[in-house]
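Have a look at the structure below, then the notes.
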Amino acid sequence: MLIGMVLAVAGLVMLTSAQAHGEFWNPSQWTSNIIANQSPLLGTMLLVASIVVFIFAADPGSSGAFAVMHSDLRTDRRRARAPRFGLWITALALAFLAAQAVIASGESRPSDGFITILWLLAIGIAIVSVLIDAEWPTSRTASIDALRTWWNTHRREAGVVAVVVLAALLLRTVGLETYPYAFCNDEGEMGVSAQCILDGRCTDLFEVAWAAQPRMAFLPTALSLSIFGNSAAAARLPSALFGAAAVLFTFLFAREALDRRTAFLAAVVLATLPVHMHFSRLAVDNVVDATYSSAILWLLFRAVKRNSIVAGGAAGFAAAMAMYTYPGSRLSIALGVGMLIWLLLFRPGLLSSRLRPLLAFAVVFVAGAMPIFAYYSVHPEHFYARLSAENIFQNGAFENDSAVYGSAVGALTRAALRSLLPYVGTNAVDGFFHAPFAHLPEVGAVALLIAVGLCLRTMRDPRSRTLLMWFFAAILAVSTITAAPPSHERMMNSMPALAILVAVGIGSVADRVARSTSIARLNAGLIAAALTAVICGQNLHRYFVVYDRQHSFEDRTNELSYESRLHIAAAESDGRVYIIGDPLVYRMFASFDFFSPGIEKMDFNEITDATIDALPKTSNAVFLAIPERRADLERIMQKLPGGVFEQVQRKRQPDQPMYLVYTLRRKS
Amino acid sequence: VNTSWLILAIAVAALGIVADIALHRLRRTEFEALRPITMRLQHMLHRITARLTRMNRMEAPRTDEATTQTPISVADDPRLNRIVADTLIEQMPVEVQCTPTQNGATVVVRAEVPAGAKLHVTVSSIREGDEVVTRHSVDWVPPATTAAAASARSSSTTIDSGSPTHAGNRQRILAAAAAAARSLRRFNMPRVAFAVALGIYLCAVMIGITRYPIFFFTDEAVHSNFAAALLTDGLRSKDGTLLPTYFQIDPSFGINGLSVYWQLLPTALFGQSVLVTRTTAALGTLIAAIAVSLMLRNSLRLRLWPIGALLLAASPGWFLHARTAFEYMLVASFYALTLYAYQRYRDGSRRWLYVAVFAAALTFYSHGLGQVLVAATTIAFAASDLRHHLARPQRRTLAGALVLVIILALPWLRFQLNQEKSVVQEQIKQRGSYLINPDLTLADKAGRWLGEYAYGLSPQFWFLPNDRDLRRHTMPDTGGLPLAAAPFAIIGILVCIRRFRTSAAHRGVLLALLTAPIPATLATIGTPRTLWMIVPWVLLIAIGIETAVEFVRSRTMRLGPWLAPATYAALAAAPLILLAHALISGPTWHDNYGLYGEQFGAQQVFGNTVAPTLAADPTSRFVVSPSWANGTDQFISFFISKEDRPRVSMGQPVDWIDRRDQITPNTYFVATREEFDKLTVDPMYTNLDVRRVISYPNDAPGFYVLSLQFSADAEQRIAVEHAARRTPVSSSFEYRGKTAMAVHSPLGEGSVGHLFDGNPDSLVRGLEANPLLIDVTLPEATTAAAFAIQTGSMQRFSVTVRCYPVDSAEPIEVTRQFVDLGPDPLITIDLPQTIQVSRFSIEVRDDNAQDSAQIHVREITLR
């Protein structure tokens, strides 16, 4: 293992030192630059070599998270019991009716509220049927005594988990309004879509809206805005909650599939993972991928392991909900099904003994997802919209990259490495994150490599396969084949798996160190905690200090559309805002509408005497200009005197101007 | 509206509740009665998953399966209910006995450890909630490897003592080597070799898949085009059929559906490109690579079974076509799976018969010739193993398989019930088969069939270059199989003949070899329509290689251990050498890149030139010559986006004579080199401006992208040319054994004699005259009451018949118009009375066309 660690550290050093070179990401230069270490090849080869060493060095039988096997995954030979009554057909029939209503058009279509109620009714009946089949509330596991016993046994553990989840929530909500700075226009789109629901203009929850997302994806934001009002923090709050929930579900999955120590470590690592914290603090809903994948996998694993009908039904509900949010969440369902196949199909007898939870999963999922499937059957272009727009094989990017980088293999390899290496060695640039560091600090990266080696060694174990599939699916099947990799926003699905793998690696190292030294074995936990503390400390420092100091997320256009909201408000409801922003800022940027929904705004880029004379003379007017258009604004000030001019500097970089504003008040 | 929906919802809910109650009662009532069935179902699922588990581990079936079942006994003590006995990771006989004691429990583990294996036992005591309290691990090494282990232990002692001496280092290295060797022994080497072979196979068929073969054929594009259309049209064909069985390209030609469905998902996910289409097809051939290797292992019991995949990849015919998207490879791959599944069934695994039937159905639906292949193979295997099929244990499986056949035949029946013609018959007709040639007698046809069949089996066709195959379907200086493999194939045949009666597997290989050429014999033996024959050939070659290796091994003990690895290494190198050869030299192997050669240029013209230009310049328009490849219009759908397609058309500059005012500087014509040479000297065109030259791989100019204008007198020149092409000409032909004369419009295809030969498949196509005139003077007067005329497909057309009675100079004229008669209609025009005719004329006019049309007439009969 020591040799593997040396190779891994050497690989990380090579990657870190080479990435500053200008041709680092040019595959046509890789082979010629490999000796001078100006390409990712040398570092990558060392990392791969370290994984190979870790495969051979791994000792899954006596250490690590995979040491505890699950007797519960054996074939359940219990005598089958008579079925209980359930409204299965009714639930599916009502869902089918809701689906028919969704695709009905014109005068034959019922109101949107009616469809929503019908759909909720179908889901509700399916859930009730699941609970009846699980003998709730009279079952042994649901009784008050059982709950009391459970609480007495687990209260310490539950308390620690609660602390971790609350800490994760705290890390995702402190200073939410202004960090990360600034509120970007995609977040504004989320806000505008949520306002549309709140205003009652958008009542069809089953149609597809901004970014090919079903309208229901904006419901959490709408709820938050209705409580906390139109603010950046309110728009971002749902993501923070989803992010904290992902920490909880990651703990639960690791606890169910591996062991308690790994679960705690994974939860702590995910709670402080910079990229996960970052997307949990943005109003865009990419982070829900991580939440849904961890929830679906946990519930499905629990359903299979414990033969739990309730868990199966809950997994079906989570999978159905995943169909109504960010399109990337569909991958969570595929991951769940993939895990099921590995768990059930290759374990003799397990499939036949777990039919009831699987039935519960299938019925609830179908009842929940049927309306949106119906919608997609009529509008397949919306189902494929993101795929068509982003897939490099369909949008022409692959051909372009192949031409630029000399070969198709080179272009694909580059895309794969750009998606993979930010996890360990290279800076996590682009993709709505643009960090001057990798996702994991050095210790975490080595732990990840160790865990990958361990999982490859124990590939027969379905848990290893699931973890590897979970981790690599979003990287290789999403980011690699979509435009401009690395697209961190689309790799959120892999973050829980990343945290679990790091925890597995840390646990493995801690066990090995504890065994090979004279320290008592009990100290393995302390060693693991110390390593995790180092990783978490570095993570927090990186995200809240380094990321902020280097102004990594700051962008002039986003800052302008966010900070100008107070000046825009000066125009009042019957005034107008003229944006002189070409070629940088335009009226179409959603943050303008999100923060100032009732005020008329327009692009005003052609500045001549005639266009100025044509402006209305009676209402308030606010002219917003980027610094590059100062001369045009001054021309307006000459033609329309009597207003107030102000130059606003950038908040975090006050030596630079952000925008100019000229306010004309024409009403007393 | 809401009220209506509310009533509907209440009704649906009420019906649903009634159905739920009924279902529940049925389930309760029948629960006990159904218990045996559910138990049986559970047992069946258990067996399936157990089998899948074994397949997943790629293990050879054990003959002593009964003894390898896992006996587990775990004490049923409530205090010990969390004892771990997970035997699902490895199938190893383990027995755990737990005896409660005052302090806890004593655990005794008995296990049968395979010879040479190391045993690792971990005992963990776990509290409620999976909390591990204590854990103890024990390693036990069997006596055979004790020395190595002792060496390892002593080395570790040296390390611990902290004396870094030279001897210590050496021991450390030795210990590390021993550990590495132990790690290697954990792997099952044949399985590793198989995995490596599959990796090499994939490399061989996928690396540079867009660069070789250098052509991208219209038959490769058509599947992806249909898949894209299917996705656009909600999984319906153009005629509205949901999930069609066959796809019609034109009224007389279609393709089988499976090759389209195979491309469906990749097309939806990755769009249309040469890379995606070919890679999808290439991945399909992996089925054959796996099936052949597993057949060598499980049925033919060869030690060298992993070479199956390598032999496939090293066969030039397979290598070349596995890198294309022709559906023949799908047929071959599913055929290999069919053979494998059938052999498993013959080995005693009865349920594999269902897999065989399913794989045969996939073969059936992949291509018209696949249907013949499945029929021939089924008859051969049914006859060969009739006693086995009818034996009592197999009867129920056979009955189940027949039910499966009926279910799988439903798509075919659905299609057949809506068709007037047989698809196989149409495809045979398309290929110009001698079987439907009316000039040949039955004896001629039988002789011809035997000749074709013998040629399809002959080593000359398979191992040596031949002149029959098109160059683009061959690699130079070789046949479909490497010549070096011929001796092994012969040995394999001899072995199979020797074991013909005693081994069903060997008999099956020979029968496959004998039946596989039959589909191609219906037309003409040739590549690629015999590709599936490579599967039995490869099996025979593998048998021959194994026999030869065993022969040498038995006589040369010293070389013995190296023979199998050396053979494997040589065969592993062969596909890679073939790949390097193809990628480096392939583009210049043949120097005919045109219609009768490589048909090079689809990607270069459409993918690299037309599509980017259209995307970059919204005012541009392309007219591409169709003369350099078959069915070039398919490339428009394949390479050009839907929005840009209206701005691309196939044709020649002359086609734009009537639209010459629409030609702009951004109207580009793509011409072949021969066409360009003619354009430069044709006075009809001026201002020829070559914008780009697309070169062939040998750097010779292949296509010219140019703009041009018509000269001022172009219209007059065209008019003169048109007039010449419509002026009737005279010719003679044989009519009922005598010479007849005809005056007719110039013909583009066929001759007047074809109209009276009694064969509707020999057609006549007018050059461009509309109406098409046929004026016949018969050698002697004939009695006629009506004319039966079979034309080509036209939506609206009219026919005028003029008959000249013997005793009158005035003709009897009858004109009739026809609308929407469907493809190739047969019409009858009755004369007012029966007359003696010595001369008659027939005019066929396409009423939807102007004075220029290519009119088809198949047959004219006087009645």
Side-chain angles (χ1 to χ4, degrees), chain A residues 56 61-62 67-71 73-75 80 82-94 96-97 101 107-111 114 118 121 129 153-154 157 255 259-260 344-353 377 380 384 387-388 391 393-396 398-399 408-409 460-461 481, chain B residues 1-2 4-6 8-9 12-13 15-17 19-21 23-24 27-28 31 35 38 41-50 52-53 56-57 82-86 88-89 120 122 124 126 128-132 135 137 180 183 207 210 231-232 234 268-271 273 275-276 607 615:
Chain A
F56 284 99
S62 61
V68 180
M69 299 299 175
H70 286 276
S71 54
L73 277 181
R74 284 182 300 152
T75 309
R84 290 173 67 84
F85 177 72
L87 293 166
W88 306 102
I89 298 174
T90 310
L92 292 175
L94 287 176
F96 180 75
L97 197 64
E107 292 181 353
S108 64
R109 185 187 160 96
S111 68
F114 180 85
L118 205 57
L121 198 62
S129 299
T153 316
H154 295 92
E157 184 180 345
R255 181 75 172 82
D259 60 6
R260 190 165 58 183
L344 297 175
L345 217 49
F346 295 105
R347 293 214 154 204
L350 211 57
L351 176 61
S352 55
S353 65
S377 72
Y384 296 114
L387 198 66
S388 307
N391 189 324
F393 298 106
Q394 287 178 270
N395 63 12
F398 179 62
E399 285 79 6
V409 174
R460 282 182 182 172
D461 191 322
I481 60 166
Chain B
V1 174
N2 275 350
S4 306
W5 278 92
L6 184 61
L8 187 62
V12 166
L15 283 174
I17 291 168
D20 274 318
I21 292 170
L23 179 70
H24 179 64
R27 285 165 71 198
R28 279 189 72 86
F31 184 71
R35 185 185 292 280
T38 54
L41 189 68
Q42 283 199 349
H43 181 68
M44 196 178 77
L45 282 169
H46 182 93
R47 292 283 300 273
I48 289 171
T49 46
L52 279 169
T53 311
N56 188 37
R57 292 174 189 165
R82 300 302 298 257
I83 283 180
V84 174
D86 192 335
L88 298 170
I89 300 297
H120 176 88
T122 299
S124 304
I126 305 167
E128 189 66 38
D130 286 350
E131 183 190 355
V132 179
R135 181 184 294 150
S137 298
S183 298
I207 290 177
T210 57
L231 288 168
T232 310
L269 292 177
F270 306 118
S273 70
L275 179 72
V276 171

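Letters go in sequence order (proteins before strands), and every chain restarts at 1.
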Would you give the length of the straight line joining atom CH2 of A/W88 to atom CG of B/D20, rounded to the nearest 0.5 angstrom? 9.5 Å
Considering all heavy atoms, the nearest A/L94-B/A13 contact: CD2-CB, 4.2 Å
Straight-line distance of A/I89 CD1 to B/I21 CD1, nearest 0.5 Å: 10.5 Å
Would you say A/F96 and B/V12 make side-chain contact, with heavy atoms under 4.5 Å? no
Let me know if B/A268 has heavy atoms under 4.5 Å from chain A in its side chain, its backbone, both or neither. both
How long is the straight-line distance from CG of A/L118 back to CH2 of B/W5, given to the nearest 0.5 Å? 8.5 Å
Residue part contacting chain B, namely of A/L121, when any heavy atom lies under 4.5 Å: neither
In terms of heavy-atom pairs under 4.5 Å with chain A, which of B/T232, B/L269, B/L8 leads? B/L269
